[in-house]
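For ligands, and for the atoms within them, numbers begin at 1 and follow the listed sequence. Bear in mind that the values here come from a model prediction, so they are computed numbers and not experimental data.
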Amino acid sequence: MKKAFIFDLDGVIVDTAKYHFLAWQKIAQALHINFTHEHNELLKGVSRVRSLDIILELGNVQVSQADKDKMLIQKNEDYLSYLVDMDESEILPGVFKILQVLKDKNQGIALGSASKNARPILEKTGIISYFDVIVDGNDVTNAKPDPEVFLKAAHLLHIDPKNAIVFEDSVAGIQAANIAEMVSIGIGEEAFLHEADYIFKDFTLIEESFIQKLIN
Ligand code: B16
Ligand code: MG
C-alpha cells in the first residue's frame, strides 16, 4: 500500500534550531532580553512572526510594528548567514537511510515545515530529490498545531490523511498530526513528545521492520 510519509524539517532532517537560536539571541540581546536554550524550545515549529512575539513577551518588551518588521528581516539575514556553508554533513543521523527505504518501497514522501527557508536548505544538503512534494511556510496560512501543512502535503500526494505518517520534533507539530488523524512519530525526548503515537530519540533507532509495519 502507498502511504504518505511527511517529514518536518528543522529538528527532524537537519538541526537548524541551533542557528535559529543564535540569530534570535542577537535580537534578544539588543533588547536586553535574557534568551536561553530553554526559551528556544518554545520556538520549535513556531513561525518566525510568532517566535518574535514570544521573545518580546518573555522580556515584557513592546515595540512598534515597524521595528518588529526590521527585526524579522535582521533575524532572517543573520540566520541565512549560518546556512551559507551548509552541506550534506548536516543531515541528521539515519535520515538518508529512512528516505532510501521509503523510496525503495515506492512510498509518498513529503516535507511539511513551518520554515520559509525550507527549499534552499533541502537543496544545499543534497536531499531535495527524495521529496515528491514540499509544503513549507510559504504555502500555508495557519501555523502548527493547525494541521493545514500536513493536510496539504497528503492532498498533493493524493493520499488520504488517514494513510499519512508524520515525523516531528515539536509539540505543536505532533498536535497538528494528531488533529489531522495521521500517525504521529516524535523524534526527540519523550518528556516533551508524549502526545505522539510513537517516539524515537533519532532515526538511527527506527528499524526497516517498523517502517514496513506502518505501510501494511
Ligand atoms: P523560518 P520546522 C520551523 O521549522 C522551526 O522549527 C522554527 O523554529 C522556525 O521559527 C520556523 O520553522 C520558521 O522558520 O524563519 O526559516 O521561516 O520545524 O517546522 O521545519
Ligand atoms: Mg521541527
Side-chain angles (χ1 to χ4, degrees), residues 5-28 35-58 68-84 86 90-92 95 109-125 127-128 131 133-153 166-177 180 182 184-189 192-193 195-196 199-203:
F5 286 83
I6 307 172
F7 291 76
D8 174 52
L9 179 65
D10 293 342
V12 168
I13 293 177
V14 283
D15 178 20
T16 37
K18 60 188 178 206
Y19 302 137
H20 282 296
F21 174 71
L22 292 171
W24 282 128
Q25 206 179 37
K26 272 193 199 168
I27 299 289
F35 180 65
T36 65
H37 279 286
E38 284 72 40
H39 294 144
N40 197 45
E41 286 297 317
L42 301 171
L43 310 187
K44 285 191 177 172
V46 174
S47 72
R48 198 181 310 161
V49 171
R50 179 70 194 128
S51 297
L52 177 58
D53 284 339
I54 291 173
I55 291 170
L56 294 172
E57 282 163 23
L58 282 171
K68 273 192 196 181
D69 292 345
K70 274 188 222 153
M71 287 173 201
L72 290 169
I73 291 169
Q74 197 187 325
K75 186 270 169 181
N76 199 48
E77 282 176 357
D78 198 32
Y79 174 66
L80 290 176
S81 75
Y82 293 113
L83 305 186
V84 169
M86 206 172 198
E90 302 232 15
I91 297 292
L92 288 169
V95 171
I109 304 178
L111 189 87
S113 165
S115 174
K116 294 190 171 181
N117 297 301
R119 277 178 187 272
I121 292 172
L122 294 178
E123 276 164 10
K124 279 179 155 296
T125 52
I127 206 166
I128 197 160
F131 292 88
V133 157
I134 294 170
V135 184
D136 65 20
N138 300 294
D139 306 310
V140 293
T141 42
N142 302 303
K144 300 166 189 174
D146 189 289
E148 183 184 4
V149 65
F150 298 143
L151 290 172
K152 199 163 184 180
V166 171
F167 297 102
E168 252 293 346
D169 71 314
S170 74
V171 176
I174 292 295
Q175 290 169 342
M182 297 174 172
S184 56
I185 303 184
I187 302 293
E189 298 301 328
F192 293 116
L193 302 173
E195 289 175 58
I199 304 166
F200 295 93
K201 205 164 178 348
D202 62 51
F203 279 98

Test applied, ring pair (Phe, Tyr, Trp, His ring centres under 6.0 Å); reference residue, Y82; option that passes from W24, F21, Y19: Y19

Would you say NZ of K116 has more than 12 non-hydrogen atoms from neighbouring residues, nucleotides or ligands within 6.0 angstrom? no

Check: every ligand 1 N/O to protein N/O pair under 3.5 Å:
from	atom 1	to	atom 2	distance (Å)
ligand 1	4 (O)	D10	OD2	3.0
ligand 1	6 (O)	G45	N	2.8
ligand 1	8 (O)	L43	O	3.0
ligand 1	10 (O)	V46	O	2.7
ligand 1	12 (O)	S115	N	3.4
ligand 1	15 (O)	R48	NE	2.8
ligand 1	15 (O)	R48	NH2	3.4
ligand 1	16 (O)	S115	OG	2.7
ligand 1	16 (O)	N117	ND2	2.7
ligand 1	17 (O)	R48	NH2	3.0
ligand 1	17 (O)	K116	N	2.7
ligand 1	18 (O)	D8	OD1	3.0
ligand 1	18 (O)	D8	OD2	3.2
ligand 1	18 (O)	D10	O	3.2
ligand 1	19 (O)	D8	OD1	2.9
ligand 1	19 (O)	A114	N	2.7
ligand 1	19 (O)	K144	NZ	3.0
ligand 1	20 (O)	D8	OD1	2.8
ligand 1	20 (O)	L9	N	3.2
ligand 1	20 (O)	D10	N	2.9
ligand 1	20 (O)	S113	OG	2.7

Under 2.8 Å from the Mg ion (ligand 2), the protein N, O or S atoms found are D8 OD2, D10 O, D169 OD1

Evaluate the ring planes of F7 and F131, with Trp represented by its six-membered ring, and classify them as parallel (under 30°), tilted (30 to 60°) or perpendicular (over 60°). perpendicular

Is there a side-chain contact (heavy atoms from CB on, under 4.5 Å) between D10 and K44? Walk through the geometry before answering. CA-CA 8 Å; D10 293 342; K44 285 191 177 172; over 6 Å; no

From [X] [atom1] over to [Y] [atom2], what is the distance, rounded to the nearest 0.5 angstrom?
X    : Y    : atom1 : atom2 : result
S184 : F150 : OG    : CZ    : 9.5 Å
D169 : D8   : CG    : CG    : 5.0 Å
K144 : R50  : NZ    : CZ    : 16.0 Å
N117 : H20  : CG    : NE2   : 7.0 Å

Test side-chain contact (heavy atoms from CB on, under 4.5 Å), reference N138, set I134, V135, D136, output is D136

